[in-house]
Amino acid sequence: MTFFRHLARSLLLVLSVAAFLVSCSSPAARKQKAMDRGNREFAQGKYPEAMIYYGQALQLDTHDAQAHYKLGQCQLKLGSWTAAFAELSRAVELQPDNWPAQVQLAELTLRGGKPQNAKDRALLILRSDPKNVDAQMVLSTSDAALGDSKAALQEARDATTMAPDQPRAFVHLGGLQVVAGQSAEAEESFKKAVSLDSADISSFMALGNFYEQQHRWPAAVEQFQAAITRAPKNPVPRAALATVYMNQGQDSLAEKILSDAKQQLPDDPTAYRMLGDYYLGRGDNAKATAEFSALATQHPKDLQIRKTYIQLLVLNHRIDEAASLSDDLLKSAPQDAEALILKGEIQLQQGKIDASVQTLQKALLASSENAFAHYQMGVALQKQGKGQQSEKELREAVRLSPALSEAWRALGESALQRGDWDGLHSIAVKLKQIAPRSPEGYLFDATARMNQKDARSAEADLNQLTVLAPNSALGYVKLGQLRIAQGRVNEAEALYRRGLNHEPDSIEALQGLVDVAFRKNKSADAFQLLQSAIEKNPNSAPLYVLQARAFLQDKRTTDAEHALERAVQLDKQNVTAVILLAELQSSLGARDQAIATFQHAIELAPNNMSLQVALGGLYEASGNWQLAQTTYQKVLSSQPDNALAANNLAYILLEHGGSVNLALTLAQTARRGLPNSANTADTLGWAYCQNGAYSVAAPLLEDAVSKNPDNATYRYHLGVAYKSLNDKVRARAQFEKTISLNPKAPIAEQARTALGQISGG
C-alpha cells in the first residue's frame with residue numbers, strides 16, 4: 001500500500017508539473033506575458049518598444065480590445081494620429097464601454113477638423129456615462145469650434161460642477177472665458193485650478209500664459225517660477241519664463257534662463273537645445289551655429305542636433321563642411337528621411353541636380369508623407385526643367401503641410417513664370433495668411449493684380465510691401481512700374497529715385513530710371529546715369545549687363561557686345577550676361593561665336609532647356625541638321641512636352657527622310673504646346689501632307705499663311721496641299737506667290753517645278 005501511495009503521489013506531481021508547463025506555454029499565457037512586457041516599456045516612455053510587445057499580443061489574439069487600446073496609446077504618444085485613430089476605433093468596436101478610448105477618439109476627431117462628429121461622439125459617451133468630465137470638455141470644445149460660444153461656456157461650467165476637484169476642468173473653462181473676452185472670470189477659473197492642486201504645474205502654466213497675454217509681466221514671471229520650483233526637471237516652464245523676458249526686451253535674462261536649463265538638465269534634449277533654438281529664433285545665425293557645433297560635439301548620438309547643425313552650415317553657405325557631416329550622418333542612419341533630405345538639399349546647392357533627385361526619392365520612400373521632402377523634390381525637378389512634375393510635388397507639399405511657406409513661394413514663382421495670374425493671386429492670398437510679415441505674398445499679389453488690370457489692389461499690396469521692407473528698393477520699384485503702366489512717368493521717376501535713396505546699389509531702381517530717360521527721349525541722360533554708376537562700382541557685372549541692354553535699345557549693337565563681353569570677363573558665372581551675348585552674336589550672324597557662347601551658357605545652366613533649343617536652332621541655321629537633331633532629342637528626353645524642340649525635330653525629320661509617323665506625333669505635341677503659333681501650324685500641316693492627309697493639312701497651312709503671309713515656305717506647303725487635293729487654281733496662286741517672295745531661294749525652284757507639273761497635267 002505504501003508503494004502505491006508513493007506511486008500515486010509521483011503521478012500527481014508529474015501531472016501537476018505537466019499542467020503547469022502547458023499553462024505557461026498556452027497562447028493566453030504568452031499573450032499576457034507580452035502585455036506585461038509592453039506595459040513596462042510604456043511606463044518607461046519606450047513607446048516604439050512597447051508597440052512591439054502589444055503587437056505580439058495581437059498576433060496571439062487579434063480580438064484583444066486592451067491590446068488595441070494600448071497600441072493606440074503608443075501611437076498617440078508618438079503623434080501618429082491616423083494610426084492611433086484606427087487602433088482606438090478597433091478597441092471600442094471590441095469593447096464599446098471603453099470610455100477613455102471613446103473620449104480619445106472624440107478628441108482625435110476634433111483635431112481632424114470635424115467638430116460636429118466630435119460633438120456627436122461626446123454626446124454618445126455622456127448618455128452612457130453622464131459624469132465623464134473629459135467627454136463633457138470635448139462637447140464644450142466642439143460647440144466652441146462650431147461657433148456656439150454660449151453653449152460651450154455653459155458646458156464648460158457643467159464640467160467644473162461634475163468634477164469640482166479637477167484642475168483641468170477649470171483650466172478648460174478659463175480658456176473659453178478668455179476667448180469670450182471674460183478676462184476677470186478667466187483669471188478666477190485659472191486661480192481656482194491652481195488652488196486645487198499645488199503640485200500640478202499645468203494650472204500654473206495656464207495662469208502664467210493668461211498673464212503673459214495681458215502683458216502683466218511680473219505676475220506671469222511669478223507663475224512660471226512657481227512651476228519651475230514644482231517641476232525643476234521639466235524644461236517647459238523654463239522656456240515660458242524665457243519667452244516672457246524676451247517679450248519685455250530683457251534678452252540677457254532670457255539667455256541666462258536657457259543657459260541654466262542647459263547646465264542643470266544636461267541629459268534632456270529639449271532643455272540642452274533651447275539656447276540654440278533661441279539664437280535661431282532671433283536670426284543670430286553666428287551664435288546658433290557656434291552653439292549647435294558645441295552641442296554636436298557634446299551629444300554625438302543626438303541625430304537631431306547634428307541635423308540642425310548641418311542645416312545651419314547650409315544656411316551659412318559652408319557647403320563642403322555640411323556635405324562631409326551629412327555623409328557621416330548617413331553612415332550611422334542610412335534610411336533616416338531627414339538626413340536624406342538634408343543630403344538632397346546639399347546636392348542642390350552643389351549643382352548636382354540629378355543626384356539630388358535620386359537622394360530625395362530615397363527620402364520619400366522612407367517617409368512618403370514628409371512635406372519638406374516633397375518641397376525639395378519640387379525644387380530639384382524645377383531645376384531639371386520638369387515643370388509639371390515639380391508643380392505636382394509642390395502641391396503635395398502644401399497639402400501635407402498647409403503652412404509650409406517655402407513651398408507656396410516656389411508655387412508662386414512657377415505661376416509667375418507661366419503667367420498664370422489667377423493662380424498667382426490665390427497663392428499670394430494663402431502666403432499672406434500664413435506669413436503675413438513676408439514680402440513675397442504682397443509682391444506676388446501685386447504682380448497678379450497689375451496683370452489683371454486691378455491697379456488699386458496692386459497699389460495697396462505694394463504700399464504694404466514698403467512698410468514690411470522699408471530699407472529695400474523693391475516696393476518703390478514695383479510702384480514705379482505700376483505708374484509706368486498707368487502712363488504716369490514723372491511719378492514713376494520719383495519712386496525709382498526713392499528706391500535708389502533707400503538702396504543705392506539697387507540695379508532694379510537704376511533700370512527704372514534708365515527706362516524713364518528713354519521714354520522721355522533722353523537717352524543721353526540714361527547713359528550718363530549708367531556711366532556714373534559704373535565709375536562708382538567698376539567691377540559690377542550686372543551694371544554692364546544693364547548698360548548693354550540700354551545700348552541695344554539705342555541700336556548700338558557693337559557697344560552692347562563690348563559691354564556684355566566686359567560683364568562676362570568680370571563674372572564668368574553670370575548666366576544672364578552669357579545668354580544675352582549669345583543671342584546678340586546670333587542676331588549679328590556670328591553663328592560660330594554664338595554657338596560657342598551658347599555652349600558656355602549651357603555649362604552654367606545645364607537644365608535650362610531653352611538654351612538647348614536655341615543651340616539646336618543655330619546648328620540648324622548653319623546647315624548641321626544632324627547636330628540639331630541630336631540637340632532637340634536631348635531636350636525631349638528631359639522635357640517630352642517641350643513644344644519648340646518637338647516642332648523643330650519634327651521638321652528636321654520631314655525634310656531629311658526621317659520617320660513621318662514620328663514627325664506627326666512630335667508636330668501634334670508642338671501644336672498642343674503652342675496652339676496659336678504659325679510655325680507649329682505649318683509643321684503639323686506639312687506632317688499631315690507627308691502622311692497623305694491633305695484635307696486635314698490644308699486648314700492648318702491656311703492658318704499659318706494667314707498669320708505670316710510673307711513666308712515663302714508656308715505658301716509652298718499650302719500649294720502642295722491644294723495641288724494634292726486637285727485644287728489647281730489655288731495651288732497655282734500659292735506657288736506663284738512663293739516665287740515672287742524670293743525668286744532666287746531654293747523653295748522658289750521647288751515651286752517652279754510644282755507649277756510645271758500643274759501645267760503639264
Distance-only polar pair, side chains of Tyr632 and Glu620, donor-acceptor under 3.5 Å: yes
Heavy-atom side-chain proximity of Asn574 to Val568 below 4.5 angstrom: no
Reference residue Met377; test side chain to side chain contact (heavy atoms under 4.5 Å, CB included); the match among Gln382, Glu393, Glu396: Glu393
More than 12 heavy atoms from other groups under 6.0 Å of CZ on Arg566: yes
Flag side-chain contact, heavy atom, 4.5 Å: Lys383 against Val379: yes
Heavy atoms from other residues, nucleotides or ligands near CD of Gln626 exceed 12 (cutoff 6.0 Å): yes
Salt bridge Glu561-Arg556, side-chain N to carboxylate O under 4.0 Å: no
Whether His656 and Trp625 hold their rings parallel, tilted or perpendicular, with breakpoints at 30° and 60°: parallel
Min side-chain heavy-atom separation Leu627-Leu615 under 4.5 Å: no
Lys331 bridged to Asp327 by N-O distance under 4.0 Å: no
CD/Gln531: more than 12 non-hydrogen atoms of other groups inside 6.0 Å: yes
Side-chain heavy atoms of Thr466 within contact of Tyr476, under 4.5 Å: yes
Lys/Arg-Asp/Glu bridge criterion (N-O < 4.0 Å) met for Glu493, Arg497: yes
Exceeds 12 heavy-atom contacts within 6.0 angstrom, atom NZ of Lys707: yes
Axial cation check for Tyr375 ring with Arg409, 6.0 Å and 45° limits: no
Over 12 foreign heavy atoms within 6.0 Å of NZ, Lys520: yes
Under 3.5 Å side-chain donor-acceptor pair for Asn647 and Thr680: no
Salt-bridge criterion met for Lys432 and Asp461 (N-O under 4.0 Å): yes
Trace of the side chain to side chain contact (heavy atoms under 4.5 Å, CB included) decision for Leu653 with Ser659: CA-CA 6 Å; Leu653 293 174; Ser659 166; 5.5 Å; no
More than 12 heavy atoms of other groups within 6.0 Å of Gln633 CD: yes
Beyond-backbone contact of Tyr496 with Ile484, side-chain heavy atoms, under 4.5 angstrom: yes
Polar contact flag, side-chain donor to acceptor under 3.5 angstrom, Gln612-Thr631: no
Single hit among Asp641, Asp682, Asp703 for salt bridge (Lys or Arg N to Asp or Glu O under 4.0 Å) with Arg671: Asp703
Residue pair Leu280 / Phe292, side-chain heavy-atom distance below 4.5 Å: yes
